[in-house]
Each structure stands twice: as C-alpha cells, then as structure tokens.
There are 2 protein chains.
Amino acid sequence: MLTERQQQLLEFLKEYHTNNGLMPSTREIQEFFGFASQTAAVSHLRALEKKGVIQKVPGKARALVFPEQLDREEIIDVPIYGQIAAGMASETEQSNEGCLSIDIASLGVPRSAKTFALKVRGDSMIDAHIMSGDCVILELKEPRRGDIVAALIDGETTLKRYVINDGMPYLQAENELYPDLVPVRELVIQGVMVALLRRGEGMVA
Amino acid sequence: MLTERQQQLLEFLKEYHTNNGLMPSTREIQEFFGFASQTAAVSHLRALEKKGVIQKVPGKARALVFPEQLDREEIIDVPIYGQIAAGMASETEQSNEGCLSIDIASLGVPRSAKTFALKVRGDSMIDAHIMSGDCVILELKEPRRGDIVAALIDGETTLKRYVINDGMPYLQAENELYPDLVPVRELVIQGVMVALLRRGEGMVA
DNA sequence: AATTGTTGTTGTCTTTCAGTAAGCATATGA
DNA sequence: TCATATGCTTACTGAAAGACAACAACAATT
C-alpha cells in the first residue's frame, strides 16, 4: 500500500519520535532526506495522511500523530525490582532491572495505583499456575483474604497466598511440597498480585 | 514536592497529550488557565523541568517530553480478536475487542512480528498452567515442535501443543481429561504463543 | 490518449511559538 | 532579616514552522 519512499518516511517519523518524544518538523524531514525543498516533505506527509498512517492537526507545529497512539489507553511503567524469593532486602532497595510498560486497561488497575513487578523463582505457587520465570505485577494495597501477596517474612520475601484463619493471618504455598508459613514474628505485605506476565516461546511442559 | 498549581499544570499536560498525541504550546497553556501572559506558562514549565517531571528541548515547538516516555521501549498494539475455542471463523474476521498495548522488550518479540491476542476459555491447557480467562499473545509464524499454538482444526479454533511424531504433526491438550487431536483433515496454524497475560485480583484457587 | 499518483523543484507569505527583559506581590525557609 | 521560590503581569523579538502557488518529470492506470 505504501510506496518504498513513503515507507522510509514513516520509518523516519517513528524513529525520530521514539528517540525524541516528539515529531520532526517538515524542515527537519527535508534535511534528513536531503531534499532541496521543504514542500517535498509536506507533500509526502499529505500522502501518508491520505493513506491513514498518520494524522495531521492543521496549523500546529510538529502536529503529527499516529492514529494507533490516539485510541491507545494510557500507558504506565511498572518497574521490575528483581526476583522474588531471592533477595530484595527492603522496599526501598529498588534494583531497577528494567521496566514493563503496559496500558492500564489491560492491567486492570486504577491510574493512581502504585505498582511494581517481580520475577518469580521457584515453584511454590505452581498449583496457582504461577511458574518459575513468570513476572508478577503487584499493587501496593491492603490484602484481602485469598489474595496472592509478596510478603516480607522474617527477613525474606516470598510469594504466597494470604489466608486468614481464626483472625490469624498466615501464608500458604500453592504446592503440597511446601509447608504453610504459619504464625510469624513479622509479616509485612509488600504487594498484592494483580496480574501476571509470562513470556517466551520455549514453554515446554 | 510539586505545588498544587504545578500539579494542575502537569495534569493538563498529560491530559492534553493523551487526547491530542502532542504537547500544548505555551500559549495554549496560557489560554487554558486564563493567564493574561504567556510567560506565566513558560515559568511554570521551567519549574516543572527543574523538578524533573518534564524535559524541554530548547528552541523547538511543543517540545516537551515526559522523561519516563523517553527511556520507554517501543510500544506495540496487540489486537484482541476474541475468545479461543469459541469461534473466530477465519483469520480475517477481526472482531476487535480492544487492544493490548505493551512494550516489545517485555513481550519478547521482534518489532516486525505480527501478533494478536485471544482470551482463553476452558481448561484444556491447565497442565501447561494456562487458565481460563488468561489472555494469550500469539505470533504469526511457523510453529516448532513443542510450541503452544492456536490452530484451526476442522472448522474450530483451539489452543493446543503442537507435536510431531513420526513426521506427523498433531495437537495435544495439556489436560488428561482431553484427548489428543490426532491426524486431522485440515490443520491450519493461526499463531504461535509467545506470551501470556493473566489479569485480575480474584485469583482464587 | 487522458488522468491520477509519485516525487520532486523554486519561491513567498503568514502564523505559531519560544525566549527574554523588567517588574511586582506573596510565601517560605536560613 | 535576607535570600529564594512561587505565581503572576506587560511588552517585545526573532526564529521556527506550516501553508500555498506554480511547475515538472515520470510512472501506473483507465
């Protein structure tokens, strides 16, 4: 549908946008492609708009938008703090190992929610269908009974189910091989699981 | 850290950006807040930049960026076509039920990959820890043995493991209660699973 | 043979827009 | 008390940037 030249232009727009967070002006496009005239860029943009791959807002500077960006939900950036059951001494230690960017609608959390992510290590939650290597997204909020939580228990963080029995909260593994973590000295809930992201093709049983 | 007025300004910037896909000019900010001067907007922006919540590119029009947007990976929009094992007559029938926007690094697919998503219905893949209600992300590519695939088999689409035995490909459920889908009349692979998104807090066992 | 789309050119015009100077009142912390 | 941050005002400048007119060569259709 797009010609080769138009494809090149679109690619430049995308690259410029991801690098700079804004759109190039027509003269910047002109310069990049070595046009002698600014009008060349303009007419190319017109062609791209006609084919629907960009939208222009007339009269405004750098006012090009990708249509898909417009009807996209708001994106939030969930920091990945590290691995669970493998450290994470305290909440403040943010060993920021990258970010997970996803739209709020798919995550299903309010816009104001404080969220973070942890990579799961171990199979203590396998019966809740949480595998080793999965990335769990947690929200900072009060847990309700039955929630899966990341908890700091006696110095170490684990992912377990939060259960209340006779008014006594404790942690339950979802694997018969693991014992419940009954009455504890200290129990600090660090986050409540709200979503899970599994990645990778080599999903061998 | 931010004053109330600065918070209002930031909120306006975000709202304007999500609505229009670009940043407001200083004069548009002025107009929105009813300032008599454009300089008021400028100095507010300067304050916001000093506090690190926005970045300005000097000399360029509408050149405000949110820092988190800059070090963000590229976002791709994965269309959700519908439910699996519940229809989807053909590949072209895109009953677009929203979109899942996520950064490519977290998805783990190349930028050029053709992807789509399906909501899982049923528990035939429960032993591969794919639950009913999960959202599987699939890529349009050739399956390799052991991959989990969405396949059109005799008119209906299902999510199964792709197995080759004696040069004969067939589909295997990951649940003892379900039979293998052995030699078939037609076997069209619609996508290979590359990721999975589980959502919702009520993750009761 | 005629029309439309692509890919350009030279020029010109006008608006948008960022940036600065200079000033003023009110808070807030050192 | 003095400096600094906040939250504005009026007035001006000049570059940045969009838009248009007119033209031209070369496809690809119709």
Side-chain angles (χ1 to χ4, degrees), chain A residues 1-70, chain B residues 1-70:
Chain A
M1 183 178 186
L2 291 185
T3 68
E4 193 166 337
R5 201 66 167 149
Q6 288 166 355
Q7 194 69 48
Q8 285 171 24
L9 227 98
L10 182 62
E11 211 163 305
F12 171 65
L13 292 185
K14 287 201 169 157
E15 197 180 303
Y16 189 104
H17 182 256
T18 52
N19 287 337
N20 307 292
L22 53 110
M23 284 302 199
S25 68
T26 54
R27 273 154 182 111
E28 282 170 339
I29 298 172
Q30 171 195 354
E31 196 178 348
F32 179 85
F33 284 96
F35 294 147
S37 73
Q38 165 240 60
T39 319
V42 173
S43 60
H44 267 122
L45 291 181
R46 245 195 284 266
L48 287 180
E49 186 178 29
K50 202 163 129 193
K51 297 195 174 178
V53 293
I54 61 166
Q55 265 175 251
K56 295 213 300 169
V57 187
K60 290 183 179 171
R62 298 169 187 277
L64 304 175
V65 200
F66 300 116
E68 66 266 26
Q69 188 191 120
L70 271 181
Chain B
M1 185 173 182
L2 291 184
T3 67
E4 192 167 335
R5 201 66 166 150
Q6 287 168 356
Q7 194 69 48
Q8 284 171 24
L9 227 99
L10 183 63
E11 210 163 307
F12 172 65
L13 292 184
K14 287 201 168 158
E15 197 181 303
Y16 189 103
H17 182 255
T18 52
N19 286 338
N20 306 292
L22 52 109
M23 283 301 199
S25 69
T26 53
R27 269 153 250 257
E28 281 170 339
I29 297 171
Q30 170 195 356
E31 195 176 349
F32 178 84
F33 284 96
F35 295 147
S37 75
Q38 167 239 108
T39 318
V42 174
S43 60
H44 267 122
L45 291 180
R46 244 196 287 267
L48 286 180
E49 187 179 28
K50 202 162 127 194
K51 298 196 174 177
V53 294
I54 60 166
Q55 265 175 249
K56 295 212 299 170
V57 186
K60 291 182 176 169
R62 299 170 185 272
L64 304 175
V65 200
F66 300 115
E68 65 266 24
Q69 187 190 120
L70 271 181

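Computed over heavy atoms, backbone and side chain alike; hydrogens, waters and symmetry mates excluded. In what follows, chains carry the letters A, B, and so on, assigned in the order in which the sequence lines appear, proteins first and then strands, with residues in each chain numbered from 1.
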Distance, rounded to the nearest Å, where [X] contributes [atom1] and [N] contributes [atom2]:
X       : N      : atom1 : atom2 : result
A:Ile54 : D:dG18 : CD1   : P     : 11 Å
B:Leu22 : D:dG18 : CG    : P     : 11 Å
B:Arg27 : D:dG18 : CZ    : P     : 16 Å
B:Gln30 : D:dT10 : CD    : C1'   : 12 Å
A:Leu45 : D:dC20 : CG    : C1'   : 15 Å
B:Glu4  : D:dC8  : CD    : P     : 12 Å
B:Arg62 : D:dA17 : CZ    : C1'   : 11 Å

### Query
Are OP1 or OP2 of D:dT6 and a side-chain N or O of B:Thr3 less than 4.0 angstrom apart?
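It does not, given that no N or O in the side chain of B:Thr3 lies less than 4.0 Å from OP1 or OP2 of D:dT6.
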
### Message
If the cut-off is 4.0 Å, is A:Lys56 near the phosphate of D:dA19, judged by side-chain N/O to OP1 or OP2?
### Response
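Yes, within the criterion.
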
### Task
Check each residue of residues 33-42 of chain B for a non-hydrogen atom within less than 4.0 Å of any atom in DNA chain D, then write out the ones that pass by number, or none.
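Heavy-atom cutoff 4.0 Å gives B:Phe35, B:Ala36, B:Ser37, B:Thr39, B:Ala40.
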
### Task
Assign each of B:Lys50 and B:Lys60 to its nearest nucleotide of DNA chain D by heavy atoms, then name whichever residue's nucleotide is nearer the 5' end.
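First, find each residue's nearest nucleotide; the 5'-ward one identifies B:Lys50.
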
### Message
Both A:Gly59 and B:Gly59 contact DNA chain D. Taking the nearest nucleotide for each, which residue is further toward the 5' end?
### Response
B:Gly59

## Note on the structure
Overall bend of the helix from C:dA1-D:dT30 to C:dA30-D:dT1 (five pairs an end, 10° steps) is 40°

### Task
Quick one: list whatever passes side-chain hydrogen bond (donor to acceptor under 3.5 Å, both in side chains) with B:Gln8, sequence neighbours left out.
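Per chain and number, B:Gln8 pairs via side-chain hydrogen bond (donor to acceptor under 3.5 Å, both in side chains) with B:Arg5.
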
### Query
Got a sec, which residues hit side-chain hydrogen bond (donor to acceptor under 3.5 Å, both in side chains) with A:Gln55, two or more places apart in sequence or on another chain?
none

### Message
My understanding is that only residues two or more places apart in sequence, or in another chain, count here; which of them pass ring-ring contact (aromatic ring centres under 6.0 Å, His included) with B:Phe32?
### Response
B:Phe12

### Atom pair CG (B:Asn19) and NZ (B:Lys14), whose distance is rounded to the nearest 0.5 Å
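B:Asn19 atom CG to B:Lys14 atom NZ measures 14.0 Å (nearest 0.5 Å).
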
### Query
Could you give all pairs that pass the side chain to side chain donor-acceptor pair (under 3.5 Å) test and reach residues 32-43 of chain B, with sequence neighbours left out?
none

### Message
Need two values: the first and the last nucleotide of DNA chain C, 5' to 3', having an atom under 4.0 Å from any heavy-atom of chain B.
### Response
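Endpoints of the contacted stretch of DNA chain C: C:dC17 to C:dA21.
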
### Task
Could you list all the salt bridge (Lys or Arg N to Asp or Glu O under 4.0 Å) pairs where at least one residue sits in residues 22-32 of chain B, not counting sequence neighbours?
A:Lys60-B:Glu28, B:Glu28-B:Arg62

### Query
Is there any salt bridge (Lys or Arg N to Asp or Glu O under 4.0 Å) pair reaching into residues 39-54 of chain A, and which pairs are they, with sequence neighbours excluded?
none

### Neighbours of DNA chain C within residues 5-14 of chain A, by heavy-atom distance under 4.0 Å
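Close to the strand are A:Arg5, A:Gln6.
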
